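See structure below.
None of these values were measured; they are calculated from a predicted model. What's counted below: heavy atoms across the whole structure, side chains too, no hydrogens, waters or symmetry copies. Convention: sequence-line order gives letters A, B, ...; per-chain numbering from 1.
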Amino acid sequence: MSQVSSAALIIGASSGVGRALAEQLAKKGYKLLLVARQERDLSALANHLNQTTSGKVSYLSLDLSNWNEEKSQRLFERAENSLGDVSRLFLISGANSESDQFPLSSRTLSSLFEVNALAPIHIANQITTEHKKWKLKSITVCSSIAAPVPRSRNIAYATAKAALESFVTGCRHYLSSQNIPFQIYRLGYVDTNLSFGQKLLFPAISPENVAQVLIKKSDKDLGIVYLPFYWRFIILVLKALPWTIYKKLSF
Amino acid sequence: MSIESPPFPSSFSQLVSFDGTEKAEVWYTKPDRYHSLFSTLKTAEHFSIQGAGLSLPLASAAEGGITVSSEAFNRILSFDPENLEITVEPNLRVGDLLKFLLRRGYWFSPLPGHPNISIGGCIGFNIHGKSKGYFSQSIKSFMLYQPDHGELEVRQDNEHAFLFGLTLGGAGSTGFVTQVTLQIQELEGESLKKKKLPLANLWEAPEQLETLKTLHAQVYSWNDLTQKDRLSFGKGTLYCEDFSSAVTSTNSNDFTRLTAKNRGHVRPGSLLAPMMGRKINRAYSIKESLKETVETLDAFSGAFPISGNEIYFHLFGAKGYRESQLLIPLDNWKAFCDDLYLITQKALPDITLGSLKLFNETYDNYLNFTHKGVVLAINAVANPKTLSYFSELDKLVIRHQGLPNVYKDSRLSSDVIEQTYGERLHRFKRDLLQFDKRRRVQSAFLQRILK
Ligand SMILES: Cc1cc2nc3c(=O)[nH]c(=O)nc-3n(C[C@H](O)[C@H](O)[C@H](O)COP(=O)(O)OP(=O)(O)OC[C@H]3O[C@@H](n4cnc5c(N)ncnc54)[C@H](O)[C@@H]3O)c2cc1C
Ligand SMILES: NC(=O)c1ccc[n+]([C@@H]2O[C@H](COP(=O)([O-])OP(=O)(O)OC[C@H]3O[C@@H](n4cnc5c(N)ncnc54)[C@H](OP(=O)(O)O)[C@@H]3O)[C@@H](O)[C@H]2O)c1
């Protein structure tokens, strides 16, 4: 990742992959704006990084649910004041829920869709539209292996991630002449509290490793990427299965 | 305790004590944000708190219970050099704290022997340094979260002052320490000068330690307790340390992320430990004799002599080792040594380390290992011979009106603690129960000592 473009906006920065990313970018001297809901965690992380690294880290406590004009204004005003440019946009946030299965309440459906798709889509939209103003250099998104292979569990989450992928691919198309690289990571299991304690079919990758890859590859226009890479083959096989077999799978 | 899966991310895992002698299967959880930490603690009827998990006894797990790890809370929250203060989260490791301070020309003491120990763990056991001071002396204030009381600011001069003494050395029993403000010092020198002097035997050690202590910042000794001859029983080396402005060629910064689990992994040599008591002492003695009488170490290496020498702990393998640490009043020391010599010759235990230091301060806080006297630490291979030898040590410490260190010895019974700490144990039980009627914090350690 080039050192010239050294300002990054991280949505979902207070734990897991987002926190690891903030830690690694701050060590590289980045100017960062960290966004998530919990103020105490954000301020602890920002204070720590300001004390221990050459990065300049600020934060904004913002709930992605019920996204509206006022939230958008707060975010972008803050980005302008503390970063100047948003040369790197990292859309990392994600949320799942125990109740994300049938029968699915409309409340669960809406809230998961807002956090995993609608709000990140609004943010991606604004940054893409105003890419010149923000001196945009790359957009990196965390999706999930759930997006291409929907199943009855985590259905709202998977649908939202698929919508986000779709929208960001559209942004990539729109900006294709500008040489702005996009990466949409379909993550497998990551060793964070989203997966901790669950019976996993494959080993979980550490959030630090994910962050390392995200940073290393952020100058490359990769489109959709599987991480770890072997998920590409597993998903390929799952997608090739006839419905008569797929419907019997419990995963 | 419940063995049903709790309603927060957790995995059913086996935790082991650092000495390798105690194990428990628990629901292990690692909250990664404050709100999930608080909701986890509120939801769990009973829980244990884990820092680095390097305590010799099993202080952060109870069979079938819930262990809440502080792993995610390892940050430096503020640094105020003008007031010589730093505020940190409890899972910051003392090695990381020291690295941060050294780069800026500051120092912190007391420090425990290994850099991977957490600040929360130092509070839980009110640890002591190589020879001077105990942790509570360097704490200005801390925040404590107890699910029935909420988050409280604890200082020695506010309405929660009673929680200061109860938490320092309380083995996590009062709740989860969420942040701590520590008193730091200006660095007196870039390096540590370590001078070695010969020590003839155990009997003479305290006088020499006492004289040297007035001249040097830190004084302690290594003692060979496998010597059979009475005249040389406990012979060894005295170490005197002072800050120095000399520049060193080494500048250690990194350290092994030692854990209780990886200590016990079988490595080449692990299986030899049971036969190596005498040989380890000989090898150490030869290694020391090959070194210069005066060594200059960078401040970090000087602070943590065990760092880089973790092989010593790995040698014990999965079966582990036992440690007994005893504080004997100076007046009773010689008579204690006479008895110690006799029981040691009779049992011939596989002792791998003996060490001494002097404590000058009296701070009779509950079960804290803080009183005036000579402190003797003994490590031995965990085997039946050691068990019976250590129960003889229990009798000696009672006879010579000393104190055993409850934080180091995983087999110490509540009965021996009762006989040595007496009223201090009763006060601890009473005051803890008054603060936490439901005794929400549980661990194998607390269950044993508060039986
Ligand atoms: C190699 C080695 C060298 C050592 N050297 C010394 C020494 O020189 N001097 C000395 O005194 N001791 C020494 N010890 C002992 C060690 O310092 C203590 O056992 C210390 O408590 C270990 O800290 P930990 O981070 O591993 O904590 P853990 O073992 O995880 O916990 C220790 C206790 O603290 C409590 N605790 C941890 N975090 C919190 C929190 N956030 N809130 C409330 N309670 C909490 C736990 O519940 C538990 O009761 C040494 C141990 C080893 C393995
Ligand atoms: N972990 C896995 O196994 C896994 C697998 C596949 C894909 N992924 C995806 O990878 C990404 C990172 O996952 P992770 O495991 O690092 O997750 P995580 O640890 O749960 O972190 C999620 C982040 O998003 C923030 N967030 C959640 N809801 C929010 C809201 N309503 N408003 C604002 N911020 C919110 C959280 O902070 P606050 O709580 O402070 O708001 C946190 O910073 C996510 O997109 C996830 O879907 C993860």
State the OH-CZ distance between Tyr28(B) and Phe196(A), to the nearest 0.5 angstrom. 7.0 Å
Sequence-distant partners of Glu153(B), salt bridge (Lys or Arg N to Asp or Glu O under 4.0 Å), two or more places apart: Arg155(B)
Between Gly197(A) and Ser11(B), the two heavy atoms sitting closest are CA-CB, 3.8 Å
So which atom in Asp41(A) and which in Tyr34(B) form the shortest heavy-atom distance, rounded to 0.1 Å? OD1-N, 2.9 Å
Tell me, please, which residues at least two apart from Glu310(B) pass salt bridge (Lys or Arg N to Asp or Glu O under 4.0 Å). none
Heavy-atom neighbours of Lys23(B) NZ exceed 12 at 6.0 Å: yes
For chain B, the option from Ala44(A), Ser195(A), Gly16(A) that forms the most heavy-atom pairs under 4.5 Å: Ala44(A)
For residues 140-151 of chain B, give me every residue with a non-hydrogen atom less than 4.5 Å from any non-hydrogen atom of chain A. Glu151(B)
So which part of Thr29(B) gets closer than 4.5 Å to some heavy atom of chain A, the side chain, the backbone, both or neither? backbone
Counting only pairs under 3.5 Å, give me each side-chain donor-acceptor contact of residues 75-82 of chain B, with atom names and distances, residues two or more places apart or in other chains.
{"unit_1": "Arg75(B)", "atom_1": "NE", "unit_2": "Glu89(B)", "atom_2": "OE1", "d": "2.7"}
{"unit_1": "Arg75(B)", "atom_1": "NH2", "unit_2": "Glu89(B)", "atom_2": "OE1", "d": "3.4"}
{"unit_1": "Arg75(B)", "atom_1": "NH2", "unit_2": "Glu89(B)", "atom_2": "OE2", "d": "3.2"}
{"unit_1": "Asp80(B)", "atom_1": "OD1", "unit_2": "Glu82(B)", "atom_2": "N", "d": "3.3"}
{"unit_1": "Asp80(B)", "atom_1": "OD1", "unit_2": "Asn83(B)", "atom_2": "N", "d": "3.2"}
{"unit_1": "Asp80(B)", "atom_1": "OD2", "unit_2": "Asn83(B)", "atom_2": "ND2", "d": "2.7"}

Side chain of Asn193(A), backbone of Lys30(B): donor and acceptor closer than 3.5 Å? yes
Using a 3.5 Å distance criterion without hydrogens, assess whether the side chain of Arg19(A) forms a donor-acceptor pair with backbone atoms of Ala72(B). yes
I want to check something: taking the side chain as every heavy atom from C-beta on, are Arg40(A) and Thr178(B) in contact at a cut-off of under 4.5 Å? yes
